[in-house]
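Here the structure is laid out as structure tokens; the discussion comes afterwards.
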Amino acid sequence: MVGIPGRSKGCKTCRKRRVKCDEAKPHCDRCTKGGYRCDGYVAFAEFHDETKRFPQNRTKAEASLARSRFLIHEEKSRSPWIITPTRDEDNIFTTHLVHKIFNQHDAEAIHLASTISFHLSQPDVNTASDKALVLSKTSLRALSTAYFGQVHNHPDLLHRGSRWYSDALKELQLQLYHPEHALREDLLVVIIYLAMYESIAFTVPNAWMQHYKGLARLTAFRGPGRHTHGVGFALYPTLRQNIAIAHIASRKRCFLEEPQWKTIPWAEKPESKTLIDCLHDIMCDAPGLLEAVDAFLVGGDETARIGLCRKALSMLEELYVWRWKWEETFPGASYLVSADRNVQGSPLPSTSAPRPFETVLWFHDFSRAQELCMYDSTLLLVLKMYQFLACHPEPTGKESTSDPLLPAQGTRRDIAIEILRMVDYHLDCIQGSVGALMLIFPLNVARRNLESDSEIAWLDHVMAQIADTHGFEMGRAHNVQYKTE
């Protein structure tokens, strides 16, 4: 089985050659003496996609046989807590999940992949002996089983995942009643699992948002000091981005706008604060601006409008400073590719709706694509509020002179189109499905800034593809009600 501790710890080259490695560091002696290049050792759990042998289009007989292999042996038990899948089933579903979603090499993905590997390696225990481990494994099983079932069209697995999900919710509620348990990092991971489950199963509209709001309350209870090192620090970018998105969607002020949440986690090592961390600083201010603009539109006076215009302008200036810094730090991070063909020469995904652009943006690094996409989304939110407040002069012009757009270039429609031009890269097979997940929020923001029906039709086709091909049912344009206008 792959991804299970206890297997060969030899170097990559010896494992490929199927020979015993002496495990010398940094390069094994067996490769050196044999004239082979030693490719080093795996620093964290290495996962391989083992799902290709499960075809999606099957006959009824094949589907019945597959179900007989996959179904959990419930043994007439009335308690779903003791329904335990086989180790091979856990391995298949969770390695598929990691391969598709947690396949990046940033700190958060590495930690989550390692956490999944650890949970997968642990024996099943009685709930009385270690409730925290049971909760972690149950929530992981809910996510991985439902995701596999959604992508491979196995309704029985979706149903099974819903049972794990229900059990996890009940145990999570009990864990949160204990103040000491609520401070543990593993609960943060559990809630991330459950929120992702809702993005796939979409059992209740905006249930994903409720999970992230719960994540916000738990994070606020923990305080910024618990995110200065270790797991708390590694997860902090993911926490902040998801919490900010949930508050943007509900247009309610976020506690993360307070200065201590922008400084304390990096106080010991200021140099560890990255550009995406700085973008999150600005992003966490957006919910407060949205809420204040809503209050003004209900019955604000001129003094309030002027104050909000200053706030919006200040945020725009911060975004523009960030964008210039990004351009300086990552010159040549993107390049243009024909909208008809990608860099390998194979056709890009086709659609009946015409593309509203001739070229797409391609990147040398997936992190750069995520950063630019999130920047454009935040910029659109602030510019939209700028318009509602009737602030003058308009901060953007009609002409765009750079590709991608530089600060103060282009209209809101141009910026929205730029997000659409990053779709093909995000959905490229190399990114697995994480790119599709990362597109959901930016596309919802972009949709409200497009001008023609054909542009919206193409975007809606992409949203349907995110749901149908990548399993994120919340991706459908009509499913997510972001209040961004």
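All of these numbers come straight from a predicted model, not from anything done at the bench.
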- Residue pair Lys325, Leu275: steps toward the side chain to side chain contact (heavy atoms under 4.5 Å, CB included) verdict: CA-CA 8 Å; Lys325 181 64 175 177; Leu275 273 177; 3.6 Å; yes
- Could you tell me if the ring centre of Tyr197 sits under 6.0 Å from that of His211? no
- Would you please indicate yes or no on a ring centroid separation below 6.0 angstrom for Trp208 and Phe472? no
Go through the side-chain N and O atoms of [X] and [Y] and say whether any donor and acceptor fall under 3.5 Å apart.
X	Y	value
Ser334	Arg368	no
Tyr147	Ser433	yes
Gln175	Arg184	no
His247	Arg253	no

Measure from the side-chain N and O atoms of [X] to the backbone N and O of [Y], and report whether any donor-acceptor pair falls under 3.5 Å.
X	Y	value
Ser314	Lys311	no
Thr219	Leu215	yes
Asp414	Thr411	yes
Ser166	Arg163	no
Glu418	Leu405	yes

Nearest-0.5 Å distance that lies between atom [atom1] in [X] and atom [atom2] in [Y]:
X	Y	atom1	atom2	value
Leu372	Phe330	CG	CZ	11.5 Å
Asp167	Leu172	CG	CG	12.5 Å
Asn153	Leu158	CG	CG	8.5 Å
Arg448	Leu459	CZ	CG	10.0 Å
Gln150	Thr145	CD	OG1	13.0 Å
Arg323	Glu371	CZ	CD	10.5 Å

- Message: Run Tyr193 and Trp164 through ring pair (Phe, Tyr, Trp, His ring centres under 6.0 Å) and show every step you take.
- Response: CA-CA 12 Å; Tyr193 289 161; Trp164 291 116; over 10 Å; no
Check this for me: [X], atom [atom1], are more than 12 non-hydrogen atoms of other residues, nucleotides or ligands nearer than 6.0 Å?
X	atom1	result
His364	NE2	yes
Glu358	CD	no
Lys252	NZ	no
Asp301	CG	yes

- With a 2.5 Å cut-off on the SG atoms, do Cys284 and Cys254 make it? no
Which heavy atom in [X] sits nearest to a heavy atom in [Y], and how many Å separate them?
X	Y	result
Cys309	Tyr386	O-CE1, 4.3 Å
His426	Met422	ND1-O, 2.9 Å
Ala436	Ile466	O-CD1, 3.8 Å
Asp277	Pro237	OD1-CG, 3.8 Å
Pro265	Pro224	CG-O, 4.0 Å
Gly435	Phe366	CA-CZ, 3.7 Å

- Query: Between Tyr375 and Trp322, what is the ring plane arrangement, given parallel below 30°, perpendicular above 60°, and tilted in between?
  - Reply: parallel
- For the residue pair Phe233 and Trp266, does the interplanar ring angle fall in the parallel (under 30°), tilted (30 to 60°) or perpendicular (over 60°) class? perpendicular
Measuring only between side-chain heavy atoms, which start at C-beta, is [X] closer than 4.5 Å to [Y]?
X	Y	value
Ile456	Glu451	no
Leu194	Leu143	no
Leu297	Leu389	no
Phe148	Leu97	no
Tyr320	Leu379	yes
Arg412	Lys384	yes
Gln409	Ser402	yes
Arg222	Leu188	yes

- What's the verdict on side chain to side chain contact (heavy atoms under 4.5 Å, CB included) for Met374 and Phe441, showing C-alpha distance, side-chain angles and the deciding distance? CA-CA 9 Å; Met374 200 56 63; Phe441 172 69; 3.9 Å; yes
Would you call [X] and [Y] a salt bridge, using N to O less than 4.0 angstrom?
X	Y	value
Arg421	Asp376	no
Asp285	Lys262	yes
Glu185	Arg226	no
Arg413	Glu455	yes

- Task: Please step through side chain to side chain contact (heavy atoms under 4.5 Å, CB included) for the pair Leu289 and Met315, ending with a clear verdict.
- Result: CA-CA 9 Å; Leu289 177 64; Met315 290 183 65; 3.8 Å; yes
- Audit row: Phe93, Arg141, side chain to side chain contact (heavy atoms under 4.5 Å, CB included) steps and yes/no: CA-CA 8 Å; Phe93 301 157; Arg141 282 170 174 160; over 6 Å; no
- Partner of His280 under side chain to side chain donor-acceptor pair (under 3.5 Å), picked from Lys273, Arg240, Gln241, is Gln241
- Task: Kindly indicate, with the supporting measurements, whether the criterion ring pair (Phe, Tyr, Trp, His ring centres under 6.0 Å) is fulfilled by His227 and Tyr236.
- Result: CA-CA 7 Å; His227 295 276; Tyr236 197 51; 5.2 Å; yes
